[in-house]
Amino acid sequence: MSNSANASTSRAPAQQWSTRISFILAAAGAAVGLGNIWKFPYVAGENGGGAFVLVYLFCIALLGVPMLMAEVLIGRRGQQNPVNSMASLAREAGAKPAWKNVGRLGVVTGFLLLSFYVVVAGWALAYIPITATGTFVGLQPQEVGQMFDGHLQQPLPLIGWSTLVLLLTLGIVGRGVRKGLEKAANLLMPLLFVFLLILVGYASTTGHFGEAVEFMFKPDFEKLTASGVLIALGHAFFTLSIGGGAMMIYGSYLSPQVSIARTSILVAILDTAAALLAGLAIFPIVFAYGLEPGGGPGLIFVTLPIAFGQMPLGTLFGTLFFLMLSVAALTSAFSLIEPAIAWLTEKRLMSRFKASVLGGSGIWLLSLGTVFSFNIGADWTLAGKTFFESLDYLISGWMLPLGGLLMALFTAWVMKPEATAEELDGDSAAYRLWLVLIRFLVPVVIMVIFLQAIGVIKL
Ligand code: PHE
């Protein structure tokens, strides 16, 4: 373990997580989000289930965990916002100051990602009252589908819901590390897991649990395509929040005594558990009502409500489901704006309040692009993709993996091994394993993804 902060001064205690558990909960809060509950079940469903899940688990363990450690390490040693942390570690390593652009990339990525994240989180929030008032009871499948489409058609309510998500986010983040982020994570994360377990219990008693378990865990490699493997890989980065500066800023609030390896592994386990539990809460219900597991992005907004409308106590548990989804999305939203807030306050010397207002306004404006992608701007397309699809593709397909790659290269090849050893308990076997994975496996695999994406190689 480290005596850290050689590269700069340590943060004041009020600017640190008060306990190791608080960091784990906040980082798990960043990791567990729409990616776990909305995206994971539907991409697993679209890619045939079991074999996809297996590849995803391998990606998390062999690539995700080492990358998460690398990002937390940079933040913890840098002790500042991503831009300054990268700058001071580059200085410490005698490397070019241009490395601070990796921090800038992280801040921008988080900012852009949040602009569409608040919109999808807004759908989740909107579905709480819709479900609670029994709207889905007795509806025909096509009526539920029409409702979702109708919901997307109206820009004003969508803007209202995403604005609410943003205000809730700023309300928490504006209070700072201990009073805002830490308090919220300590309260919301245990609640989230309790909700998830209740929903899995409900699904196992009312749905086809065995069929769901088989679908998720019995690998059928016939169903797995090369593009499925790439999706599993990209999703592993996305779900662990790697490459967007979120884990770097959370790492910068971590005290030097805490083991980065152990906490990162725990965060990855919690994140994976949340995704698998979400699958076990959703698929039994989907199968029990003879619905399609490969329903795409509409899986939880259309397929699931169809089932909730017919199930005993469906209104109650459906409401709980969307409440849980909103909580998961919110704790991730905090981590997406925190890098920008920290950068504005530390670098531009703004108050946290001012930084929140400024950052929030920018995100709000940009979020309109995503809102309009589903209605008045549905035909403003670039290479056949709407604004929302282009942004998602740019961020999930390029910016997050690129950020992750650069952070991996930086810790593996630019930082002095003595520095990384100091942060990661250098005598341990875990450190040596990390070094091998981060130096060789991680960069090679990410480069292969890029080469395949630009069509240089075909997988
Ligand atoms: N991991 C979050 C999710 O699964 C998304 C996220 C990505 C959050 C990058 C922060 C940074 O929804």
Side-chain angles (χ1 to χ4, degrees), residues 25-44 56 59-60 64-65 67-68 70-72 74-75 82 102-103 105-124 165 169 172-173 181 185 188-189 192 196 231-252 264 267-279 297 300 324-342 359 363 391-405 407:
L25 291 178
V32 177
L34 295 168
N36 303 61
I37 296 157
W38 171 59
K39 213 165 176 185
F40 172 75
Y42 90 73
V43 286
Y56 166 78
C59 293
I60 295 272
V65 170
M67 290 173 75
L68 181 58
E71 186 166 341
V72 173
I74 297 174
V102 176
L105 177 70
V107 171
V108 173
T109 307
F111 193 86
L112 293 178
L113 178 48
L114 187 56
S115 81
F116 74 78
Y117 210 85
V118 292
V119 179
V120 181
W123 302 348
V165 173
T169 304
I172 297 291
V173 175
L181 296 173
L188 295 177
M189 290 314 286
L192 175 76
L196 258 176
I231 292 173
L233 194 65
H235 186 64
F237 299 165
F238 181 87
T239 191
L240 287 179
S241 304
I242 291 166
M247 291 299 182
M248 205 188 278
I249 193 71
Y250 278 15
S252 79
S264 301
V267 170
I269 290 175
L270 286 174
D271 183 68
T272 309
L276 298 178
L277 287 173
I300 63 172
M324 174 203 60
L325 182 62
S326 305
V327 168
L330 268 179
T331 52
S332 296
F334 304 158
S335 76
L336 284 164
I337 196 164
E338 182 60 22
I341 304 275
I363 287 166
L391 206 57
D392 183 20
Y393 172 73
L394 182 73
I395 295 166
S396 314
W398 292 96
M399 294 177 73
L400 288 172
L402 181 66
L405 173 67
M407 290 172 200

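Atoms within each ligand, like the ligands themselves, are counted from 1 in listed order.
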Ligand 1 contacted by [X] (non-hydrogen, < 4.0 Å):
X: G35; result: yes
X: F40; result: no
X: A30; result: yes

Distance filter under 4.0 Å to [X] heavy atoms, resulting ligand 1 atoms:
X: L336; value: 8 (C), 10 (C), 11 (C)
X: G33; value: 3 (C), 4 (O), 12 (O)
X: S335; value: 10 (C)
X: L113; value: 7 (C), 9 (C)

With heavy-atom distances below 4.5 Å as the criterion, would you say the side chains of [X] and [Y] are in contact?
X: M247; Y: I242; answer: no
X: T239; Y: I60; answer: yes
X: M67; Y: L240; answer: no
X: F116; Y: L34; answer: no
X: Y250; Y: L181; answer: yes

Is any N or O atom of [X], backbone or side chain, closer than 3.5 Å to an N or O atom of ligand 1?
X: L34; result: yes
X: S332; result: no
X: A31; result: yes

Heavy-atom pair of closest approach, residues F111 and G359: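 Nearest heavy atoms, F111 then G359: CE1-O, 3.6 Å.
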
Residue and atom name of the nearest protein heavy atom (relative to atom 9 (C) of ligand 1), distance in Å to one decimal: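 Looking at atom 9 (C) of ligand 1, the protein heavy atom closest to it is S241 CA, 3.4 Å.
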
Identity and separation of the nearest protein heavy atom to atom 12 (O) of ligand 1: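 Among all protein heavy atoms, the one nearest atom 12 (O) of ligand 1 is Y117 OH, 2.5 Å.
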
Ligand 1-proximal atoms of F238, by part, heavy-atom distance under 4.0 Å: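 The answer is both, backbone and side chain.
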
Which segment of D271 sits under 4.0 Å of ligand 1 when only heavy atoms are counted: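 For D271, there is no contact with ligand 1 at all, from either part.
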
Aromatic ring pairing Y56/F40, orientation class (parallel under 30°, perpendicular over 60°, tilted between):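 Because their plane-to-plane angle lies in the 30° to 60° range, the rings of Y56 and F40 count as tilted.
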
Verdict with supporting geometry, T109 and L402, side-chain contact (heavy atoms from CB on, under 4.5 Å): CA-CA 10 Å; T109 307; L402 181 66; over 6 Å; no

CA sep, side-chain torsions, deciding dist, call: V108, M399, side-chain contact (heavy atoms from CB on, under 4.5 Å): CA-CA 9 Å; V108 173; M399 294 177 73; 4.2 Å; yes

